[in-house]
Amino acid sequence: RHTRYISVTGVQTCALPIFQINSGATALFITSAQKNTGTTRTGPSVVPTLPTGGNNGGNPFDGVVPVPTFYASAHVGDSPLWLGLGVSAPFGLKLRYDDNFFARYDSIYSSLFTLNVAPSAAVRVNDSLSIGGGVDVQYMKVTLTSALPNVTPGSADGLLRAKGDDVSVGWNFGVLAKTGPAQFGLHYRSGIKQNLRGTYTVTGLTAPLSAANYSTGLSSSVALPDILTGSVKFAANDRITLFGTAKWYNWSKFRNITLIPDVGSRAIKDLEYKDSWSIAGGADYQVKPGLTVRGGVMWDKTPTNPALLTTRVPDGNRTWLTTGMSYDVNPHLTLNGSYAHVFVRDSHLGRTDDFYTGTGADIAVDLSSTGTGNVDMIAASLTARF
């Protein structure tokens, strides 16, 4: 959800040299845990309500999650035109719980990978105003697995595996205005709808459900949000610069995960995301020429619906504390580094998912869990100017 967009970089190139490259990566260290608070399965009618059993699933995230980025901008001759290119992964998720996870009927493995290539252009209208825009060519690949309950409690589970990918296109536009010691920026990034195609496979179901084991093609759509960003930069004096940013995310367009197999009934997991927003403030302090330190704080509201939380996205409201620095090695090369700790608010998961509705083998799973977690982020980048 949190990235820089090349159109904004392009808008700001009125102060850049002829050619600039920024390349770096962020390493995420994520701690997440689920505590079972009474998850059960019910049905068919002759089967009593029973605990699902299983362990807490372990920490589903890899020890280190790397997120690379690349940005470049170039001034075209003596014209007021700058061109830019950005390569990033603006949305991503990868979780793997133990196979015997108590919430295995909700999720076992979830992987969402995006690669966004964004060419852009910006024009300096005058010394006080610049405008820019571009396109976002985005590749998405998704893989989801979850256990399927068999009719007989205690028997081995079935498994649902769905995967698909797509390439879609969006756009973005930004404006940068300057007056005295202050600069104001406004940026809009369009939502992107990915129409995924792939495979849908069910295995491991036993009688009377064994006829439902099959593999077929799959279609599914994922609606990513529009994002509106407003920022301000204020030079308080020769050494101190203040920053503020607010973002709005149109997550309410993301209603559910709908898997539509080419043969058979569709599978729907309701999520009903809500629009979300974040607000951040920070400051730079120039210790000496060529060395700048910085710090900031951000409050980030989760888009997830408390009534429909899922272990696929174990999320809560977040508070970020950040610090960093930049060091000019020479007039052409700058090293940047930062650290952030993200406090994630504990969340309660309580949802009901129905299986095999209308078949006479109806089963309902009531998930009840408490989720906890936090994130440490270390980032480094290199900026080269020519």
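None of these values were measured; they are calculated from a predicted model. Residue numbers run from 1 in the order of the sequence given.
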Heavy-atom side-chain proximity of [X] to [Y] below 4.5 angstrom:
X      : Y      : value
Arg96  : Asp62  : no
Ser130 : Val125 : no
Gln138 : Ser168 : no
Leu209 : Leu148 : no
Pro303 : Asp315 : yes
Thr31  : Phe29  : no
Thr203 : Thr201 : yes
Phe113 : Tyr139 : yes

Partners of [X] by ring pair (Phe, Tyr, Trp, His ring centres under 6.0 Å), sequence neighbours excluded?
X      : result
Trp248 : none
Tyr97  : Phe101
His332 : none
Tyr285 : none

Say you draw a straight line from [atom1] of [X] to [atom2] of [Y]; how long is it, rounded to the nearest 0.5 Å?
X      : Y      : atom1 : atom2 : value
His348 : Ser368 : NE2   : OG    : 4.0 Å
Asp354 : Thr357 : CG    : OG1   : 4.5 Å
His75  : Ile18  : NE2   : CD1   : 8.0 Å
Asn305 : Glu272 : CG    : CD    : 6.0 Å
Leu83  : Leu85  : CG    : CG    : 10.0 Å
Thr292 : Met325 : OG1   : CE    : 8.5 Å

With a sphere of 6.0 Å drawn around [atom1] of [X], does it hold more than 12 non-hydrogen atoms of other residues, nucleotides or ligands?
X      : atom1 : value
Arg255 : CZ    : yes
Asp238 : CG    : no
Arg197 : CZ    : yes
Asp99  : CG    : no

State, to 0.1 Å, how close [X] and [Y] come at their nearest heavy-atom pair, and which atoms those are.
X      : Y      : result
Gly58  : Asp98  : N-OD2, 4.0 Å
Pro149 : Leu205 : O-CD2, 4.2 Å
Leu349 : Gly371 : CD1-N, 4.2 Å
Ser79  : Val76  : OG-O, 2.6 Å
Ser231 : Thr245 : OG-OG1, 2.9 Å

Give a yes or no on whether the backbone of [Y] and the side-chain of [X] come within a donor-acceptor separation of less than 3.5 Å.
X      : Y      : answer
Arg312 : Tyr109 : yes
Asp328 : Pro331 : no
Asn213 : Ser210 : yes
Asp166 : Asn195 : yes
Asp262 : Tyr200 : no

Looking only at side-chain N and O atoms, does [Y] offer a donor or acceptor that is under 3.5 Å from a partner on [X]?
X      : Y      : value
Thr304 : Thr302 : yes
Arg41  : Thr52  : no
Asn172 : Asp136 : yes
Asp226 : Ser190 : no
Asn150 : Thr206 : yes
Thr39  : Asn36  : yes
Asp366 : Thr352 : yes
Gln20  : Ser73  : no
Ser111 : Thr143 : no
Thr258 : Asn256 : yes
Asn330 : Arg385 : no
Thr383 : Asn336 : yes

Would a hydrophobic clustering, with Ile, Leu, Val, Met, Phe, Trp and Tyr connected at side-chain separations under 4.5 Å, put [X] with [Y]?
X      : Y      : result
Phe61  : Leu144 : yes
Ile192 : Ile227 : no
Phe355 : Ile260 : no
Leu186 : Trp171 : yes

Is it true that [X] and [Y] make a salt bridge, defined as a side-chain N closer than 4.0 Å to a carboxylate O?
X      : Y      : result
Lys269 : Asp353 : yes
Asp300 : Arg318 : yes
Asp157 : Arg104 : yes
Asp275 : Lys253 : no

Report task. Can you tell me which residue pairs pass the side chain to side chain donor-acceptor pair (under 3.5 Å) test with a partner in residues 369-380, sequence neighbours excluded? Result -> Gln34-Ser369, Tyr339-Asp376, His341-Asp376
Requested in this report: From the options Phe343, Trp320, Trp277, select the one residue that forms a ring-ring contact (aromatic ring centres under 6.0 Å, His included) with Trp299.
Outcome: Trp277
Report task. Please work out which of the three classes, parallel, tilted or perpendicular, describes the rings of Tyr273 and Trp251, given edges at 30° and 60°. Result -> perpendicular
Query - Residue pairs involving residues 290-299 (criterion salt bridge (charged side-chain N to carboxylate O under 4.0 Å, His left out); sequence neighbours excluded) - result: Asp284-Arg294
Requested in this report: Give the C-alpha distance, both sets of side-chain angles, the deciding distance and a yes or no for side chain to side chain donor-acceptor pair (under 3.5 Å) between Ser107 and Thr311.
Outcome: CA-CA 6 Å; Ser107 76; Thr311 55; 2.7 Å; yes
Requested in this report: In sequence, state the C-alpha distance, the side-chain angles, and the governing distance for Thr42 and Thr49, and then conclude on side chain to side chain donor-acceptor pair (under 3.5 Å).
Outcome: CA-CA 4 Å; Thr42 304; Thr49 300; 3.1 Å; yes
